[in-house]
Amino acid sequence: MTFYIVAMPIGNLKDISERALETLRSVNLILCEDTRVTAKLLSHFDIQKPLQSYHQHSQLSKVAYVLEELKKGKDIALVSDAGTPGISDPGNKLIEYLIGKLPGLKIVPIPGPCAATAALSVSGFPIDKFVFLGFPPHKKGREKFFKELAKEEKTAVFYESPHRMEKCLNQLKEFLPADRKIVICRELTKMFETIYRGTMDNITIPKNEIKGEFVVVLCR
Ligand code: SAM
């Protein structure tokens, strides 16, 4: 019984690793976020495996089912729709639960793409140390998030949804110093990949480009 945590591409399917493919081909069951998304990826690589959806708030019955399958000696892989499981995605609660119930369980990472590390890697900012902040809160606590960001002494990276990206840019400009350097990565590894670089006072994203997926990196 082995539980594999398998990173998926963040757009470009060629970024899947040989080990990830080998693992997905070898396991008895794949736990994923959206079975339609993972089924599409598996079909691209001609892999046929049983899929079960798993969310951070999945019922205890689902979690207990995973535990029982592992106890029977089955190998299971956990994937998310994109990137590395657990990074602003489900996974950690399940892993914590399984460690508690099956202390001998072998948990194996199959590392690979992650939007945050991809964005950091092209930022050109010092990234010997950085903080990852997930998504800014939607409403309550959102202003506080940006005010605290202004005081952050390390390079910071966070995700933002396209619906809130314009608001995010306005709030960054409102709360952070004008000369703070920023890199915004859009649609990494995909056809419309764009990297916007600037400082808080001059960074802009054309209105018609505020769509797709975004990662924001702020220099320390
Ligand atoms: N687990 C994923 C990872 O390892 O990067 C992140 C999952 S989180 C739910 C999804 C967010 O990641 C998106 O809203 C976006 O902010 C960022 N993201 C994912 N793929 C991206 C891409 N190709 N380009 C830019 N940002 C991306």
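Predicted model only: the values in this text are computed from it and were never measured. All values below come from the heavy atoms of this structure, side chains included, with hydrogens, waters and symmetry mates left out. Atoms within a ligand are numbered from 1 in the order they appear, just like the ligands themselves. Sequential numbering from 1 along the given sequence is applied to the chain's residues.
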* K154 atom NZ, over 12 foreign heavy atoms within 6.0 Å ->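 For K154, atom NZ is not crowded (no more than 12 foreign heavy atoms under 6.0 Å).
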* To do: Step through the shown structure and confirm whether more than 12 heavy atoms of other residues, nucleotides or ligands are within 6.0 Å of CZ on R36.
  =>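 Counting neighbours around CZ of R36, 12 or fewer heavy atoms of other residues, nucleotides or ligands fall under 6.0 Å, so no.
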* Asked: Just by distance, with hydrogens left out, do Y159 and E213 show a side-chain donor and acceptor under 3.5 Å apart?
  ->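 Short answer, no.
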What about [X]: any of its N or O atoms under 3.5 Å from an N or O on ligand 1?
{"X": "T189", "value": "no"}
{"X": "A116", "value": "no"}
{"X": "C185", "value": "no"}

* To do: Establish, yes or no, whether a centroid distance under 6.0 Å links the rings of F145 and F175.
  =>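 Between F175 and F145, which both carry aromatic rings, the centre distance is not below 6.0 Å.
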Who's closest to [atom] heavy-atom-wise, of [options]?
{"atom": "atom 7 (C) of ligand 1", "options": "D89, T194, T84, V215", "answer": "D89"}
{"atom": "atom 13 (C) of ligand 1", "options": "E213, E187, M165", "answer": "E213"}
{"atom": "atom 27 (C) of ligand 1", "options": "A115, P9, A7", "answer": "A115"}

* At a non-hydrogen distance cut-off of under 4.0 Å, which region of F135 contacts ligand 1 (side chain, backbone, both, or neither)? ->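 For F135, the contact with ligand 1 is made by the side chain alone.
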* Determine whether the side chain, the backbone, both or neither of E160 has a heavy atom under 4.0 Å from any heavy atom of ligand 1. =>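 For E160, only backbone atoms sit under 4.0 Å from ligand 1.
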* Kindly determine whether S80 and D89 satisfy side-chain hydrogen bond (donor to acceptor under 3.5 Å, both in side chains), including the steps that lead there. => CA-CA 7 Å; S80 42; D89 266 340; 3.2 Å; yes
Quick check on contacts: which atoms of ligand 1 are under 4.0 angstrom from a heavy atom of [X]?
{"X": "G83", "value": "3 (C), 4 (O)"}
{"X": "S88", "value": "7 (C), 8 (S), 9 (C)"}
{"X": "A82", "value": "1 (N), 2 (C)"}
{"X": "K190", "value": "23 (N)"}

* **Option among L94, V27, D75 that satisfies the side-chain contact (heavy atoms from CB on, under 4.5 Å) test with F3** =>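 Between F3 and the candidates, side-chain contact (heavy atoms from CB on, under 4.5 Å) is satisfied uniquely by L94.
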* Residue among V157, V217, I182, L120 satisfying side-chain contact (heavy atoms from CB on, under 4.5 Å) with F125 ->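 Among V157, V217, I182, L120, the one meeting side-chain contact (heavy atoms from CB on, under 4.5 Å) with F125 is V217.
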* **Side-chain donor/acceptor of S43 to backbone N/O of D46, under 3.5 Å** =>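 Not a single qualifying donor-acceptor pair exists.
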* Can you tell me how far SG of C32 sits from NE2 of H55, rounded to the nearest 0.5 angstrom? ->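 So the NE2 of H55 and the SG of C32 are separated by 8.5 Å.
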Which residue and non-hydrogen atom of the protein lie closest to [atom], and at what distance in Å?
{"atom": "atom 15 (C) of ligand 1", "value": "F214 O, 3.4 Å"}
{"atom": "atom 22 (C) of ligand 1", "value": "L188 N, 3.6 Å"}
{"atom": "atom 3 (C) of ligand 1", "value": "Y159 OH, 3.4 Å"}

* What do the steps show when you test Q56 against N92 for side-chain hydrogen bond (donor to acceptor under 3.5 Å, both in side chains), and what is the final call? -> CA-CA 8 Å; Q56 199 75 314; N92 53 314; 2.7 Å; yes
